[in-house]
Amino acid sequence: MNFFTISIFITFFLAIAACDMEAPEKKDMMKKSGTLGSEITPEGELPSIMTEGLTSEEKSMLAEEILPNASPDDLTPEERFLKLR
């Protein structure tokens, strides 16, 4: 049992030591902070990052592909919320 316990501890410490030997590039990449967009996109519109550099025709085609098709007869989210009351 003593041998088994010692071998488990040695394996554990070797695994920890091996994890620390990562390439320096990976460590530098982890330290870089990513910036999150602070844009608030209303429902039914595409984020500006997706429409950047597109013409109005391309934007409308993209919106048709991505956004759900809502018929004019559907209730707005506010109306649906009020209907729940």
- Item | Sole residue of Pro47, Ser48, Pro42 in side-chain contact (heavy atoms from CB on, under 4.5 Å) with Glu45 |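 When side-chain contact (heavy atoms from CB on, under 4.5 Å) is applied between Glu45 and each of Pro47, Ser48, Pro42, only Pro42 qualifies.
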- Query: Under 6.0 Å from the CG atom of Leu84, do we count more than 12 heavy atoms belonging to anything else shown?
  - Reply: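 Yes, enclosed.
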- Item | Atom CD1 of Ile49 with >12 non-hydrogen neighbours under 6.0 angstrom |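 It does not: Ile49 CD1 has 12 such atoms or fewer within range.
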- Message: I need the minimum non-hydrogen distance between Lys59 and Thr51, along with the two atoms involved.
- Response: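 For Lys59 and Thr51, the tightest heavy-atom pair comes out as CE-O, 3.5 Å.
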- Message: How long is the straight-line distance from CE of Met61 back to CD of Glu57, given to the nearest 0.5 Å?
- Response: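 Reported value, rounded in 0.5 Å steps: 8.5 Å.
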- Just by modelled atom types, is the Thr55 backbone N or O under 3.5 Å from a matching donor or acceptor in the Glu58 side chain?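 Yes, because the side chain of Glu58 sits within donor-acceptor range (under 3.5 Å) of the backbone of Thr55.
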Return all side-chain donor-acceptor pairs below 3.5 angstrom for residues 8-15, not counting sequence neighbours, or 'none' if the list is empty.
unit_1 : atom_1 : unit_2 : atom_2 : d
Thr11  : OG1    : Ser7   : O      : 2.7

- Message: Using the side chain to side chain donor-acceptor pair (under 3.5 Å) criterion, which residues pair with Glu52? Sequence neighbours excluded.
- Response: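 With sequence neighbours excluded, Glu52 shows a side chain to side chain donor-acceptor pair (under 3.5 Å) to no residue whatsoever.
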